[in-house]
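Worth knowing before you read on, the calculation uses all heavy atoms, side chains too, and leaves out hydrogens, waters and symmetry mates. Residue numbers run from 1 in the order of the sequence given. In listed order, ligands and their atoms are each counted from 1. Since this is a predicted model, take the numbers as computed values, not measurements.
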Amino acid sequence: MSPDRPSDPAPLWLFAYGSLVFRPDIPFVERVPALLDGYARRFWQGSTDHRGVPGAPGRVVTLIRVAGARCAGVAYRVGDEHRERVLHDLDVREQGGYARTFERLTDPSGRTITDEALVYVATEENPNWLGDAPLESIAAQIRGAIGPSGPNPEYVLELAKALRAMEVDDDHVFALAALLHP
Ligand code: BEZ
């Protein structure tokens with residue numbers, strides 16, 4: 001959909017599929033399970049500012065387009081009074097390579113939550129992009145990475161735990177968590 005902001009009067013819905021799933025440190029007025037069609041979650045984005053450092057990047061999630069795929073996460077509705085602050089804070093926080101896009105979200109029963117949820121996606125063109133690698137290599141990189149937000153394995157294990165609690169299936173995340181489990 002549009003790469004720009006949707007019409008301002010609409011409520012701001014944010015799709016969380018990474019750290020905001022297990023650490024919702026934004027002001028929200030509603031939090032609901034959400035599905036995003038056509039995307040899959042992958043640990044393909046390098047992190048030099050949160051879960052790694054320059055020269056020793058960690059890996060965090062992004063979304064890749066996969067026909068027929070569906071990414072399960074959380075939709076947060078942000079109160080109008082917090083809208084500008086949240087948008088600004090997220091843009092700063094995700095400046096390591098994520099771009100805004102707006103997408104339709106549904107709930108698990110198929111009902112549309114919004115046609116214009118804000119979704120941050122790291123694209124292949126960004127300087128921290130790492131892309132695909134054998135899962136064991138991804139796990140090895142994550143095992144050795146630590147950044148200002150904490151150890152990289154913690155991110156994977158916390159995300160896996162939160163998805164399990166939501167009864168969400170995600171082979172990529174769970175396989176990685178199994179390799180990293182202490
Ligand atoms: C999240 O869901 O935590 C998230 C992931 C990528 C960019 C912004 C937020």
* Asked: Which residue supplies the protein heavy atom nearest to atom 1 (C) of ligand 1, what is that atom called, and how far is it?
  -> Gly18 N, 3.3 Å
* Starting from atom 3 (O) of ligand 1, which protein heavy atom do you reach first, and at what distance in Å? -> Leu20 N, 2.7 Å
* Interatomic distance, Arg41 atom CZ to Ile64 atom CD1 [nearest 0.5 angstrom] -> 12.0 Å
* Structure fact -> The protein heavy atom nearest to atom 7 (C) of ligand 1 is Tyr120 CB, 3.4 Å
* Asked: Taking the six-membered ring of Phe28, is the NZ or CZ of Arg77 close enough (under 6.0 Å from the centre) and on axis enough (within 45°)?
  -> no
* Residue, atom name and distance, where the atom is the protein heavy atom closest to atom 6 (C) of ligand 1 -> Tyr17 OH, 3.3 Å
* Asked: Out of curiosity, does Val53 fall in the hydrophobic cluster containing Val60 (side-chain heavy atoms, cut-off under 4.5 Å, transitive links)?
  -> no
* In ligand 1, which numbered atoms sit nearer than 4.0 Å to a non-hydrogen atom of Ser19? -> 1 (C), 3 (O)
* To do: With heavy atoms under 4.0 Å as the rule, classify the contact between Tyr98 and ligand 1 as side chain, backbone, both or neither.
  => side chain
* To do: Indicate yes or no for a side-chain donor-acceptor contact from His50 to the backbone of Arg93 under 3.5 Å, with no hydrogens or angles considered.
  => yes
* To do: Report the nearest protein non-hydrogen atom to atom 9 (C) of ligand 1: residue, atom name, distance rounded to 0.1 Å.
  => Glu94 OE2, 3.8 Å
* Side chains of Thr112 and Arg104: closer than 4.5 Å at any heavy-atom pair? -> yes
* **Distance-only donor-acceptor check, side chains Gln141 and Asn152, under 3.5 Å** => no
* Asked: Which ligand 1 atoms, with their elements, are less than 4.0 angstrom from a heavy-atom of Ala16?
  -> 2 (O)
